[in-house]
2 protein chains.
Amino acid sequence: MTEPKTHGPAATPHTARKPARDGKGNATIYDIAKVAGVNPSTVSRALSKPGRVSAKTQKLIEDAAAELNYQVNPFARALPTGRTNTFGLIVADITNPTFFDIIRGAQTTGTLRDYTLVLAESAESAATELTAARRMMTTADGLILASPRMDDDDIRALARDKPVVVINREVEGMPCVIPDVRKGIGEAVRSLAANGHKKMAFVAGPARSWMSARRWEGVQAACEWSRLEAVRVESTKPTVDGGRQVARDVLATNATAVLTYNDLLAIGLMQELQAGGMAVPDQISIVGFDDIFGADFTTPPLTTVRSPLGECGAGAATWLLDLLQGKGEPDGTLRVETELVLRGSSGRLLGST
Amino acid sequence: MTEPKTHGPAATPHTARKPARDGKGNATIYDIAKVAGVNPSTVSRALSKPGRVSAKTQKLIEDAAAELNYQVNPFARALPTGRTNTFGLIVADITNPTFFDIIRGAQTTGTLRDYTLVLAESAESAATELTAARRMMTTADGLILASPRMDDDDIRALARDKPVVVINREVEGMPCVIPDVRKGIGEAVRSLAANGHKKMAFVAGPARSWMSARRWEGVQAACEWSRLEAVRVESTKPTVDGGRQVARDVLATNATAVLTYNDLLAIGLMQELQAGGMAVPDQISIVGFDDIFGADFTTPPLTTVRSPLGECGAGAATWLLDLLQGKGEPDGTLRVETELVLRGSSGRLLGST
DNA sequence: TTGTATGCGTTATCAA
DNA sequence: TTGATAACGCATACAA
């Protein structure tokens with residue numbers, strides 16, 4: 001200890017049974033009422049709704065509150081109202097960098113609007129996810145589900161209680177925020193075609209992934225338009241390691257360009273290919289998906305279709321908070337644009353015209 | 001809407017003023033009491049403390065609770081007890097990958113012990129941090145401060161109210177969890193020395209950073225021990241860009257090896273050096289710090305001193321939760337070991353014996 | 001072991 | 001515009 005206590009007779013052990021209040025404890029509206037010489041209910045009004053109290057008593061109360069260093073007790077407030085100024089976010093995997101931006105986006109717009117973010121992880125399990133969601137529903141005003149694993153019906157059941165917004169998946173009758181892959185994929189495929197590629201491979205993600213299906217659809221559509229041949233290659237898992245493992249299959253397709261379900265696959269694939277002596281992009285072009293943190297750490301830096309995850313998080317939070325204030329549409333789909341980020345891992349084949 | 005409502009007279013708009021309870025609302029201990037034919041207080045006892053009720057009424061109550069799909073109302077519980085089963089985590093910057101692992105570690109051990117994580121960001125501002133911390137203190141049972149920017153005194157003041165654990169900084173009289181840099185730096189420097197390096201540069205982090213100072217101390221000590229000459233180079237900011245900018249100064253030192261304050265600096269430095277035609281590690285060895293996500297995406301993959309951030313987060317959460325149960329030491333320092341992760345960016349100089 | 005009574009801090013309803 | 005008072009759901013001394 002370098003500093004003497006400024007008040008209180010002794011250190012307050014946090015192990016005490018009673019609520020840790022040294023001496024008098026936190027100020028309540030009663031304390032303010034006493035100081036300001038008004039009724040507690042008047043204090044409550046003055047502090048919650050601005051206009052329902054006379055200007056001078058308002059000031060009286062505000063001064064008293066400031067003097068007493070008053071802080072509302074959110075729990076006491078939550079009891080009668082049911083509102084907590086809190087919203088939950090459940091992500092499938094905190095380890096996955098994809099979610100970092102989502103978390104950040106949600107957190108940022110949350111604090112901006114005076115809401116607190118509560119975070120939970122489903123560990124990729126639908127059951128864990130549902131449990132976590134149920135728990136959160138009791139404490140939070142609303143919920144954001146990022147890449148949920150549970151059934152549509154479970155999600156809709158949750159939403160009967162309080163507002164729920166879904167990210168990265170489209171669920172009928174729910175507010176959903178999803179990246180619109182068409183633009184970004186279109187740009188990527190056109191770029192590849194312009195560089196003379198005739199055949200490209202798509203390395204797919206998990207079979208059950210909603211997004212992977214969308215991306216494959218997008219690739220097919222864009223390739224048809226640009227008259228490229230598209231072949232699909234399955235991966236074992238959507239990780240760097242999965243990318244390494246899929247290299248052999250990719251080579252077997254004789255494609256000169258690859259678009260992967262996500263950046264991790266692209267990075268692993270590129271590493272493996274380079275380790276085998278192939279030059280990127282001189283002998284093969286590689287395009288990732290998402291533009292996660294670190295996508296530009298590679299040599300060459302990874303060309304990728306950027307998924308605006310931060311915007312997704314922010315958009316979902318905005319929508320949810322609007323809903324909580326009775327302002328937004330109760331369902332629909334918010335599509336955020338994807339775009340090609342052209343870096344070094346894609347380009348013209350060496351020796352092609 | 002694809003599915004009819006199963007109960008309730010009409011859709012319950014979330015915008016309703018009253019607590020969103022369709023019809024009868026969530027079950028309370030009173031409902032359980034009625035079903036089980038006992039007094040509400042008995043229900044409370046049965047559900048909170050296991051042993052204080054007879055076996056058969058216990059079962060009676062549990063059955064009724066299950067049947068009614070009872071969920072405790074955390075706010076109602078928090079009001080009399082002051083406890084919320086919630087703990088806060090404040091990080092300086094959600095963007096910074098350093099914190100990802102900390103968040104994950106804390107979240108994981110939190111849920112393991114039935115605590116919910118509440119996340120906030122200080123945006124690198126001491127003032128914002130203090131505000132966020134104060135807010136959290138009113139709702140959470142305890143707080144974890146990761147790389148706090150505020151003064152020691154502010155931290156201690158916070159800790160008078162409820163338990164606070166600090167990560168990445170040592171504050172007198174507080175429980176602190178910090179990576180012990182000595183082992184990792186020692187390994188790095190010895191590895192460099194064994195590869196024939198005689199002079200190394202340390203690229204420092206922010207001037208005010210507590211950790212940067214520790215790391216520089218560690219480098220000096222280890223270099224003295226291994227008879228290496230160590231020079232210090234200042235960076236403008238601890239980012240990839242900062243690493244690029246510092247390349248010129250690093251070259252000016254004529255050092256053949258570099259250890260940077262963090263991985264981001266190392267990656268930027270390596271990119272800039274390689275862009276200038278230097279071979280890594282043939283002409284210069286680069287060692288980063290932290291082993292963040294993506295450190296192995298580079299070519300060559302980055303040698304780095306791993307900071308066990310996940311363990312820090314988990315350790316801090318464990319300590320905090322212990323404190324909340326009156327089990328742990330109220331202060332002290334938990335040091336978690338760092339270690340060298342030898343990858344491709346460091347090694348022997350080309351042409352050296 | 002179980003029931004009774006009261007308080008936690010706030011909002012909301014009703015009068016004044 | 002303000003004051004009195006009843007919930008909100010749970011925990012806990014205290015009494016039985």
Side-chain angles (χ1 to χ4, degrees), chain A residues 16-21 24-62 64-65 68-86 137-139 141, chain B residues 16-21 24-62 64-65 68-86 137-139 141:
Chain A
R17 291 294 168 75
K18 295 178 184 177
R21 21 174 68 205
K24 53 185 173 234
N26 283 341
T28 74
I29 53 171
Y30 287 85
D31 300 324
I32 297 179
K34 213 166 291 177
V35 171
V38 296
N39 190 282
S41 66
T42 306
V43 176
S44 173
R45 274 188 290 260
L47 263 31
S48 44
K49 329 237 172 133
R52 301 197 51 79
V53 105
S54 82
K56 70 171 207 180
T57 47
Q58 177 80 29
K59 173 152 175 46
L60 218 57
I61 288 170
E62 278 172 358
L68 293 174
N69 198 357
Y70 170 77
Q71 308 241 111
V72 292
N73 181 327
F75 307 106
R77 169 172 287 179
L79 209 41
T81 62
R83 283 182 298 94
T84 69
N85 267 248
T86 275
M137 279 309 233
T138 71
T139 78
D141 291 345
Chain B
R17 291 295 168 74
K18 296 178 181 176
R21 21 175 67 205
K24 54 183 176 238
N26 283 339
T28 73
I29 55 171
Y30 288 86
D31 301 322
I32 297 178
K34 214 166 291 177
V35 171
V38 296
N39 190 282
S41 67
T42 308
V43 177
S44 172
R45 274 188 289 260
L47 263 31
S48 43
K49 326 235 172 137
R52 300 195 52 80
V53 106
S54 83
K56 71 171 205 177
T57 47
Q58 177 81 30
K59 175 154 175 42
L60 218 56
I61 288 169
E62 278 172 357
L68 292 174
N69 198 359
Y70 170 78
Q71 308 240 112
V72 291
N73 181 326
F75 307 105
R77 171 172 284 178
L79 209 41
T81 62
R83 282 181 299 95
T84 68
N85 267 249
T86 276
M137 279 309 233
T138 70
T139 77
D141 291 345

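Note on naming: letters A, B, ... go to the chains in the order of the sequence lines (proteins, then strands), and numbering restarts at 1 for each one.
- At whole-Å resolution of the value, CD1 in A/I61 and C1' in D/dT1 are 11 Å apart.
- Using a distance-only test at 3.5 Å, with no hydrogens or angles considered, a donor-acceptor pair links the side chain of A/Q58 to the main chain of A/A46.
- Rounded to whole angstrom, the span from the CG atom of A/N39 across to the C1' atom of D/dT5 amounts to 10 Å.
- For B/T57, the side-chain atoms get nearest to C/dT2 when compared with the rest of D/dG3, C/dT2, C/dG9.
- If you measure from atom CZ of B/R77 to atom P of D/dC10, you get 8 Å, rounded to the nearest angstrom.
- In this structure, CZ of A/F75 is placed 20 Å from P of D/dC8, rounded to the nearest angstrom.
- Put simply, A/S41 has no side-chain N or O that comes within less than 4.0 Å of OP1 or OP2 on D/dT5.
- In plain terms, the two heavy atoms of A/P40 and A/A33 that are nearest each other are N-CB, 3.6 Å.
- Taking atom CG on B/L79 and atom C1' on C/dG7, their separation rounds to 9 Å, with Å as the unit.
- One atom, NZ of A/K49, and another, P of C/dA12, lie 5 Å apart when rounded to the nearest Å.
- Atom pair B/I32:CD1 and D/dC10:P shows a separation of 8 Å (rounding to whole Å applied).
- By the 4.5 Å heavy-atom criterion applied to side chains, A/L79 and B/L79 are counted as neighbours.
- Side-chain polar atoms of A/D141 and A/T84 form a donor-acceptor pair below 3.5 angstrom.
- Annotation: side chain of B/I32 is in contact with side chain of B/L47 (closest heavy-atom distance under 4.5 Å).
- A straight line from OH of B/Y30 to P of D/dC10 spans 8 Å, rounded to a whole angstrom.
- In the set C/dT10, C/dT2, D/dG9, C/dT10 carries the atom at the smallest distance from any side-chain atom of A/N73.
- Of the listed nucleotides (C/dT10, D/dG9, D/dT12), D/dT12 has the atom at the smallest distance from the side chain of B/T81.
- Closest to the A/A76 side chain, of the nucleotides C/dT10, D/dG3, D/dC10, is C/dT10.
- Of the side-chain N and O atoms in B/T42, one or more sit less than 4.0 angstrom from OP1 or OP2 of C/dG3.
- Counting non-hydrogen atoms under 4.0 angstrom, A/V38 reaches the backbone sugars and phosphates but no base.
- Contact annotation for A/S44: base contact, defined as any heavy-atom pair under 4.0 Å involving a base atom.
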